[in-house]
Amino acid sequence: MMRIPAPYTHAGALRTAACSVSFVAVALLLAGCSGTSALDPIATGSISAPPAAYAAEPVPKGVAPEDWMAARKALAEALVEKDAAPSVPWENYVSATRGTVTPLSKTADAGGGHCREFLMSFVKESGEEWLQGAACRTKTGWKVDQARLLERS
């Protein structure tokens with residue numbers, strides 16, 4: 001008597017199930033990627049807009065406006081300390097420029113207001129530059145009254 005094999009075997013079912021699971025997994029991964037939006041609608045606050053007071057200040061001659069904005073935020077942070085504070089680092093990833101801001105001595109402006117001198121570095125691929133300036137306390141924050149790049153001797 002000849003035996004006819006059954007059309008369904010256990011080993012064949014396992015191979016078919018593994019193939020089906022793989023196909024479904026790939027399909028789900030591809031479907032997940034196609035449904036994402038190009039822009040993230042959630043605001044995390046990691047990049048904040050510069051305060052309006054910064055817009056009124058002119059950018060020092062020889063300094064790129066984007067570098068000044070990054071350094072200016074570090075300056076505001078450095079001037080929070082009442083006494084001499086350690087240097088505060090800053091970096092502009094777009095221009096690959098970085099540096100530090102170091103608050104120096106206290107001074108007074110013509111009206112007797114509270115001012116601080118500072119030293120700011122700008123380190124680029126082409127070299128480094130130093131900026132010296134003074135900022136005075138106002139109702140809205142610190143306003144840079146004077147700032148100039150130091151010349152190399």
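Just so we're clear, the structure is a prediction, and the values are computed from it rather than from any experiment.
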* Arg116 versus Leu104: any side-chain heavy-atom pair under 4.5 Å? -> no
* To do: Looking only at non-hydrogen atoms, find the nearest pair between Ala74 and Pro89 and report the distance.
  => CB-O, 4.0 Å
* Asked: How far does CD of Glu117 sit from CD of Gln132, to the nearest 0.5 angstrom?
  -> 6.5 Å
* Asked: Mind checking whether Glu129 and Lys124 have side chains closer than 4.5 Å, heavy atoms only?
  -> yes
* Check the hydrophobic clustering (I, L, V, M, F, W, Y; side-chain heavy atoms under 4.5 Å; chains of links allowed) and say if Val59 and Phe118 are grouped together. => yes
* **Hphob cluster co-occupancy, Leu131 + Val101, side-chain heavy atoms under 4.5 angstrom** => yes
* Asked: Is there a ring-ring contact (aromatic ring centres under 6.0 Å, His included) between Phe122 and Trp90 once you walk through the steps?
  -> CA-CA 9 Å; Phe122 292 82; Trp90 65 271; 5.3 Å; yes
* Roughly how far, to the nearest 0.5 Å, is SG of Cys115 from NZ of Lys143? -> 10.0 Å
* Who pairs with Gln146 by side-chain contact (heavy atoms from CB on, under 4.5 Å), at least two apart in sequence or on another chain? -> Ala134
* **Residues Glu66 and Trp68: side-chain donor-acceptor under 3.5 angstrom** => no
* Asked: Is there a side chain to side chain contact (heavy atoms under 4.5 Å, CB included) between Trp130 and Leu119 once you walk through the steps?
  -> CA-CA 7 Å; Trp130 292 88; Leu119 190 61; 3.7 Å; yes
* Of the non-hydrogen atoms in Pro103 and Ala78, which two are nearest, and what is the gap between them? -> CG-O, 3.7 Å
* Output the distance between atom CH2 (Trp142) and atom CG (Leu75), rounded to the nearest 0.5 Å. => 9.0 Å
* To do: Measure the spacing between CG of Leu149 and CE of Met120 and express it to the nearest 0.5 Å.
  => 10.5 Å
* Is there a donor-acceptor contact under 3.5 Å from the side chain of Ser121 to the main chain of Thr100? -> yes
* Indicate whether the side chain of Thr97 and that of Asn92 have a donor and an acceptor atom separated by less than 3.5 Å. => no
